[in-house]
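Worksheet: the structure to be examined is printed underneath.
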Amino acid sequence: MPLFGGFLADAYFGRFTTVFLSSVVYLLGLILLTMSTFVPSLKACDAAVCLEPRKVHEMVFFIAIYMISIGTGGHKPSLESFGADQFDENHSEERKKKMSYFNWWNFGLCCGLLLGVTVIVYVQDRVGWGAADIILATVMASSLAIFIIGRPFYRYHVPPGSPLTPMLQVLAAAIKKRNLPYPSDPAELHEVPKSRVNKGRLLCHTESLKFLDKAAIVEDWENCAEKQDPWTLATVTKVEEMKLILNLIPIWLATLPFGISVAQTATFFVKQGTMLDRNIGNGVEIPPASIFALSAFGMIVAVAIYEKILVPVLRRATGNERGIKILQRIGFGMLFSISTMVVSALVERKRLGVVEKDPVKGSLSMSVFWLAPQFIIIGVGDAFTLVGLQEYFYDQVPDSMRSLGIAFYLSVIGAANFISSLLITTIDHVTGRFGKSWFGKDLNSSRLDYFYWLIAGMTAANLIVYVFLARRYSYKNVQRSVVVADCCEDGFEVSMA
């Protein structure tokens with residue numbers, strides 16, 4: 001859904017309108033979900049325990065869930081990119097603030113997550129799901145009201161139309177001119193002069209994926225002053241934007257193993273917590289889902305330290321405005337994901353050892369806080385890799401595709417969850433066929449430690465590939481002094497864009 005919502009925001013509706021409409025849909029979904037709990041005719045049944053829910057309840061419940069999903073699809077990619085749009089990249093101070101934006105965005109996001117897995121989960125367990133739904137709907141309504149109040153103060157970007165069309169034009173032009181020789185000087189490639197660029201930014205020519213450069217070769221200099229067909233002649237900027245998208249693909253693939261590690265935090269990590277002692281005294285027991293708060297806490301602390309301490313130090317040491325390059329930040333976080341899986345495997349082996357010693361009581365004599373290290377470490381890793389991915393997919397896509405860029409980041413997590421499920425199914429089938437399955441009827445008869453070691457090995461091997469790709473990666477280059485061909489003024493004239 002974020003891919004679809006991001007496309008609509010970039011191409012047609014604009015980010016503000018998409019956020020507004022998707023928030024309304026999201027809110028209506030929450031209201032409908034609340035009604036399915038309280039309205040007598042929409043409730044599952046009239047009994048305390050429902051053996052079979054009413055069909056009308058099922059219908060309303062799933063419509064509400066799908067409305068929330070659709071709302072999320074427009075809200076997530078558009079709101080984050082719209083927030084980043086409020087900073088002027090041509091202003092040095094605002095550009096630095098924009099580099100901090102993604103850190104503070106995730107700081108706030110994790111604060112909300114922390115409240116969600118503690119306060120909301122507590123209300124769900126002790127009061128009821130309906131009460132929690134009322135709180136969530138109220139919070140969403142308040143959020144939407146605050147967003148609308150800020151409308152007069154926002155900066156807006158007019159959607160330029162489908163961002164996919166220029167890429168198809170570049171590809172078509174490059175294929176059509178595939179037999180033409182490369183020009184001896186990149187300055188001979190077609191580009192519009194900066195004086196004619198009302199909006200957007202010009203990109204510098206790069207040497208990668210040179211076959212696409214043929215789309216910018218000018219065949220007829222005499223008639224170049226006339227309006228050129230974009231399906232036969234593209235500008236250097238359009239060609240470079242196509243290169244940016246193609247360069248994203250290997251990085252996207254190389255971040256999937258990290259996403260697989262993250263997928264375990266909300267699944268097997270929480271499941272492990274149900275098998276441990278969650279009592280923290282005075283009869284208070286931590287809900288299994290609330291253990292996830294440790295990960296949010298780790299990310300909150302790590303983001304604050306990174307922003308306030310590491311970035312200023314790294315800026316002075318490297319001379320880089322960001323402190324370190326975006327891909328370096330992502331790779332550093334991957335080291336934490338490997339450590340998380342190693343620690344998780346060791347803790348699970350310890351838990352299984354306790355079960356072997358006392359099969360009756362199992363691992364209930366073992367405190368749930370044994371899981372704290374793996375949750376905190378992955379939270380710290382998220383502060384580097386997840387925040388870095390958001391910044392990367394926003395910054396390294398064409399300016400007209402930034403909502404889609406955030407959607408690409410979200411698709412990493414979504415695709416990784418699917419791959420994780422497929423991996424579990426495959427391993428279960430293979431290990432069950434040749435012996436005892438790693439995934440038994442319960443965790444005490446499973447070997448999650450083997451699974452964690454496998455993910456650690458996959459992530460470590462992938463890190464080597466990622467480093468290779470990152471070292472060869474060419475970042476988006478928006479420079480003020482780039483020599484390009486201006487074929488539409490006085491024949492062939494080289495201008496400074």
Side-chain angles (χ1 to χ4, degrees), residues 1-23 25 70 73-90 151 154-177 189-204 209 212-213 215-216 224 226-249 252 393-411 476 478 484 487-488 497:
M1 292 309 300
L3 289 171
F4 182 64
F7 174 80
L8 291 178
D10 287 338
Y12 304 111
F13 296 155
R15 286 155 199 162
F16 175 86
T17 303
T18 304
V19 173
F20 173 75
L21 294 176
S22 60
S23 297
V25 173
I70 293 170
H75 186 274
K76 273 192 172 182
S78 304
L79 183 59
E80 186 170 357
S81 56
F82 183 67
D85 287 345
Q86 305 310 304
F87 300 90
D88 184 359
E89 293 185 349
N90 295 319
R151 184 177 182 180
Y154 299 139
R155 289 172 173 170
Y156 301 89
H157 293 267
V158 178
S162 174
L164 302 180
T165 302
M167 291 191 292
L168 292 176
Q169 291 172 341
V170 169
L171 192 59
I175 293 174
K176 181 179 179 181
K177 300 177 182 179
L189 297 173
H190 171 56
E191 182 63 285
V192 295
K194 191 171 184 181
S195 59
R196 292 190 178 184
V197 179
N198 296 324
K199 296 180 180 179
R201 300 178 297 170
L202 298 180
L203 301 181
C204 300
L209 302 172
L212 292 175
D213 289 342
C224 69
E226 300 176 5
K227 187 175 182 180
Q228 295 286 343
D229 182 2
W231 292 94
T232 58
L233 179 62
T235 64
V236 170
T237 294
K238 294 300 181 185
V239 171
E240 291 302 317
E241 288 180 344
M242 181 65 173
K243 291 180 182 180
L244 287 175
I245 297 301
L246 293 179
N247 285 333
L248 290 179
I249 296 174
W252 188 91
F393 282 109
Y394 175 87
D395 188 73
Q396 294 300 307
V397 297
D399 292 354
S400 61
M401 296 179 62
R402 283 177 159 172
S403 293
L404 261 177
I406 297 297
F408 291 152
Y409 148 71
L410 294 169
S411 71
K476 181 197 286 188
V478 184
V484 294
C487 72
C488 297

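Heavy-atom basis, side chains included; hydrogens, waters and symmetry copies ignored. For clarity, every value in this text was computed on a predicted model and none was experimentally measured.
- Leu410 places a side-chain heavy atom less than 4.5 Å from the side chain of Pro77.
- Looking at residues two or more places apart in sequence or on another chain, you find no side-chain hydrogen bond (donor to acceptor under 3.5 Å, both in side chains) involving Ser22.
- Here Lys476 pairs with Asp399 under the side-chain hydrogen bond (donor to acceptor under 3.5 Å, both in side chains) rule; sequence neighbours left out.
- The two residues Leu203 and Thr237 come nearest to each other via the heavy atoms N-OG1, 3.1 Å.
- Evaluation of the side-chain hydrogen bond (donor to acceptor under 3.5 Å, both in side chains) rule for Thr18 yields no partner, not counting sequence neighbours.
- For residues 161-172, no pair satisfies salt bridge (Lys or Arg N to Asp or Glu O under 4.0 Å), with sequence neighbours left out.
- Shortest non-hydrogen contact noted between Cys204 and Val236 is C-CG1, 4.5 Å.
- Considering every non-hydrogen atom in both Phe408 and Phe393, the closest pair reads CB-CD2, 3.7 Å.
- Using a 4.5 Å heavy-atom cutoff, the side chains of Pro2 and Tyr409 are not in contact.
- Atom OG of Ser81 is separated from atom CG of Leu79 by 8.0 Å, given to the nearest 0.5 angstrom.
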Could you walk me through whether Tyr394 and Asp85 pass the side-chain contact (heavy atoms from CB on, under 4.5 Å) check?
CA-CA 10 Å; Tyr394 175 87; Asp85 287 345; 2.7 Å; yes
Identify each donor-acceptor pair in which a side-chain atom of residues 4-12 lies under 3.5 Å from a protein atom, sequence neighbours left out, and give them as a table.
{"unit_1": "Asp10", "atom_1": "OD1", "unit_2": "Arg15", "atom_2": "NE", "d": "3.3"}
{"unit_1": "Asp10", "atom_1": "OD1", "unit_2": "Arg15", "atom_2": "NH2", "d": "2.9"}
{"unit_1": "Asp10", "atom_1": "OD1", "unit_2": "Ser403", "atom_2": "N", "d": "3.2"}
{"unit_1": "Asp10", "atom_1": "OD1", "unit_2": "Ser403", "atom_2": "OG", "d": "3.2"}
{"unit_1": "Asp10", "atom_1": "OD2", "unit_2": "Arg402", "atom_2": "N", "d": "3.4"}
{"unit_1": "Asp10", "atom_1": "OD2", "unit_2": "Ser403", "atom_2": "N", "d": "3.2"}
{"unit_1": "Asp10", "atom_1": "OD2", "unit_2": "Leu404", "atom_2": "N", "d": "2.8"}

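- With values rounded to the nearest 0.5 angstrom, Gln396 atom CD is found 9.0 Å from Asn247 atom CG.
- Looking at Lys177 and Asp213, no side-chain N of the basic residue comes within less than 4.0 Å of a carboxylate O on the acidic one, giving no salt bridge.
- In this pair, Phe82 and Tyr154 present their aromatic rings perpendicular. The plane angle is above 60°, beyond the 30 to 60° band.
- Rounding to the nearest 0.5 Å gives a distance of 15.0 Å between NZ of Lys243 and NZ of Lys238.
- The 12-atom threshold is not exceeded at NZ of Lys76, counting heavy atoms of other residues, nucleotides or ligands nearer than 6.0 Å.
- Counting non-hydrogen atoms of neighbouring residues, nucleotides and ligands closer than 6.0 angstrom, the CZ atom of Arg155 exceeds 12 such neighbours.
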Expected list for residues 158-175: side-chain donor-acceptor pairs under 3.5 angstrom, two or more places apart:
{"unit_1": "Ser162", "atom_1": "OG", "unit_2": "Leu164", "atom_2": "N", "d": "3.3"}

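- Exactly one residue among Leu246, Val239, Leu244 makes a side-chain contact (heavy atoms from CB on, under 4.5 Å) with Leu209. That residue is Leu246.
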